[in-house]
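Letters A, B, ... are given to chains in the order of the sequence lines, protein chains preceding strands, and every chain is numbered from 1. All values derive from a computational prediction rather than experimental measurement. Just so you know, these numbers use all the heavy atoms, side chains as well, and skip hydrogens, waters and symmetry mates.
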Amino acid sequence: MKKMRILSWNVNGIRAIQKKGFIDWLLTEDPDILCLQETKAAPEQLSEELLNINGYKSYFSSSIVKKGYSGVAIYTKQEPIKVEHGFGIPKFDDEGRIVVAEYKEFVLINIYYPNGKKNEERLQYKMDFYEAFLDYSNKLVKKGKKLVICGDVNTAHKEIDLARPKENSKVSGFLPIEREWLDKFFSHNYHDTFRMFNDEPENYSWWDQVTRARDRNVGWRIDYFFVSDNFKKNVK
DNA sequence: TCGTATGTCGC
DNA sequence: AGGGTTGCGC
DNA sequence: GCGACATGCTAGCGCAACCCT
């Protein structure tokens with residue numbers, strides 16, 4: 001299999017980053033596949049330039065529950081064999097969090113997992129989403145598919161994965177039940193690819209904007225690339 | 001959410 | 001059509 | 001009188017909806 005480079009980015013508004021030079025950035029960065037989360041737009045709201053970037057096919061999944069909310073996208077040089085937009089469960093598909101692209105060599109799953117901070121209901125939704133996702137991915141593996149899963153998981157796994165573990169042990173994003181689900185996920189033989197190469201602390205993927213936490217590197221590692229065991233040997 | 005201020009408890 | 005304000009979500 | 005812990009206050013961004021002109 002030829003070498004491919006896959007990137008993932010929670011953009012917090014694709015129309016906002018377009019104004020800040022996203023298209024030029026993508027053409028310069030030149031990945032084989034780019035996965036975006038929190039695009040906050042339906043494809044009908046996007047310009048032609050954003051839908052048809054030179055050299056890329058684009059696929060979007062957007063929320064039908066609320067405008068300007070959630071949303072994911074894939075930009076891909078190679079055209080997938082098949083693209084799907086959910087697990088087949090309306091409750092989880094309708095918020096536009098899932099886009100799945102099947103290639104000959106693997107299946108790419110790009111997900112913006114729910115945030116559980118708002119209230120107990122949303123935390124339960126997040127946990128239910130996690131379970132539905134695990135069912136979905138396990139079924140694909142059982143069928144012999146090789147999986148590459150990326151996105152904003154909204155949970156830090158271990159103390160090493162955030163700057164303030166003690167202070168956040170009762171906050172959604174680092175709750176015992178959320179962390180235990182990740183334990184369970186990994187026990188099903190999926191791998192956290194970053195930790196295959198790096199076991200150092202202070203490696204984060206998200207910083208609070210309000211408190212300008214990035215300046216002090218007070219962050220969380222909540223965005224991941226996972227792979228199924230049958231694809232692990234291909235990760236470089 | 002982070003950092004800080006302020007209050008309460010246990011000892 | 002476009003600015004200002006408010007509310008939501010992260 | 002001190003540590004451990006709880007509670008209240010705080011502050012950017014992007015987007016939608018609504019008002020106004």
Side-chain angles (χ1 to χ4, degrees), chain A residues 8-26 34-51 58 60-73 75 91-99 110-130 133 150-179 181-182 201-224:
Chain A
S8 175
W9 181 16
N10 181 321
V11 295
N12 188 30
I14 193 172
R15 284 168 288 177
I17 61 163
Q18 182 183 16
K19 294 175 195 157
K20 299 174 187 173
F22 164 67
I23 293 174
D24 285 342
W25 171 85
L26 175 57
L34 173 68
C35 296
L36 303 181
Q37 303 90 38
E38 279 202 88
T39 48
K40 296 190 172 189
E44 311 86 73
Q45 297 174 294
L46 300 181
S47 65
E48 280 304 310
E49 303 84 75
L50 216 40
L51 294 169
S58 65
F60 296 84
S61 186
S62 58
S63 172
I64 60 170
V65 177
K66 192 183 298 203
K67 272 183 86 174
Y69 176 70
S70 188
V72 290
Y75 284 90
K91 182 184 177 189
F92 300 120
D93 301 348
D94 289 354
E95 291 191 4
R97 298 177 172 279
I98 305 155
V99 60
N110 175 27
I111 299 186
Y112 172 42
Y113 295 80
N115 186 306
K117 284 198 176 77
K118 191 190 175 195
N119 55 37
E120 200 59 40
E121 287 76 9
R122 289 303 290 177
L123 177 61
Q124 190 57 53
Y125 179 82
K126 177 181 182 178
M127 298 312 299
D128 293 344
F129 187 104
Y130 277 158
F133 157 71
C150 72
D152 178 348
V153 178
N154 262 319
T155 297
H157 185 208
K158 301 193 168 160
E159 295 210 347
I160 192 179
D161 295 313
L162 70 166
R164 301 280 181 268
K166 298 286 183 291
E167 295 85 336
N168 287 293
S169 60
K170 292 176 179 173
V171 173
S172 176
F174 198 57
L175 292 175
I177 49 164
E178 298 170 322
R179 300 174 59 192
W181 180 81
L182 280 172
E202 295 179 27
N203 285 292
Y204 308 125
S205 65
W206 179 86
W207 301 263
D208 182 38
Q209 219 166 24
V210 178
T211 54
R212 289 185 276 270
R214 194 164 186 170
D215 302 342
R216 288 161 284 122
N217 197 29
V218 176
W220 304 49
R221 197 171 69 90
I222 56 173
D223 302 85
Y224 301 82

Under 4.0 Å protein heavy-atom contact, by nucleotide of nucleotides 9-15 of chain D - B base, S sugar-phosphate only: --BB-BS

Base-pairing string, 5' to 3', of DNA chain B - Watson-Crick or wobble, under 3.5 Å, | interstrand: ..|.|||||||

Mutual orientation of the aromatic rings belonging to A:Y113 and A:W181 [parallel < 30°, tilted 30-60°, perpendicular > 60°]: tilted

Other residues, nucleotides, ligands: >12 heavy atoms within 6.0 Å of A:K117 NZ: yes

Donor-acceptor pair, side chain of A:S61 and main chain of A:I98, under 3.5 angstrom: yes

Test item: side-chain donor near acceptor, A:K126 and A:N115, under 3.5 Å: no

Donor-acceptor contact present, side-chain A:N10 to main-chain A:N12, <3.5 Å: yes

A:K91: partners by salt bridge (charged side-chain N to carboxylate O under 4.0 Å, His left out), with sequence neighbours left out: A:D128

Under 3.5 Å donor-acceptor, A:R221 side chain and A:K158 backbone: no

A:T39 side chain to A:G71 backbone, donor-acceptor under 3.5 Å: yes

Whole-angstrom distance between D:dA16 and B:dT1, as gauged at atom P: 23 Å

Cation over ring face, A:K20 and A:W9, 6.0 Å, 45°: no

Nearest-Å distance once atom P is located in both C:dC8 and B:dG3: 27 Å

Aromatic plane relationship, A:Y125 with A:F129 - under 30° parallel, 30 to 60° tilted, over 60° perpendicular: tilted

Salt-bridge contact A:K66-A:E95 (side-chain N to carboxylate O under 4.0 Å): no

Nearest heavy-atom neighbours spanning A:R122 and A:P114: NH2-CB, 4.4 Å

Residues touching DNA chain C, which here means a heavy atom under 4.0 Å, drawn from residues 110-128 of chain A: A:Y112, A:N115, A:K118

Leading and trailing nucleotides of DNA chain B with any atom under 4.0 Å from heavy atoms of chain A: B:dT1 to B:dG3

Heavy-atom donor-acceptor pair, A:E178 side chain to A:F174 backbone, under 3.5 Å: yes

Sugar-phosphate, base or nothing in reach of A:K170, heavy atoms under 4.0 Å: sugar-phosphate

Sugar-phosphate only, base, or nothing, as touched by A:E38 at under 4.0 Å among non-hydrogen atoms: sugar-phosphate

Gap in Å between the two P atoms, one belonging to D:dC9 and one to B:dT8, rounded: 15 Å

Within 6.0 angstrom of A:R214 CZ, more than 12 heavy atoms from elsewhere: no

Working for side chain to side chain donor-acceptor pair (under 3.5 Å), residues A:Y130 and A:T155: CA-CA 11 Å; A:Y130 277 158; A:T155 297; 2.7 Å; yes

Close residues, residues 215-223 of chain A, relative to DNA chain B [heavy-atom separation under 4.0 Å]: A:R216, A:V218, A:W220

Between P of D:dA6 and CD of A:E167, the distance in whole Å: 12 Å

Donor-acceptor contact below 3.5 Å, side chain A:N110 vs main chain A:A73: yes

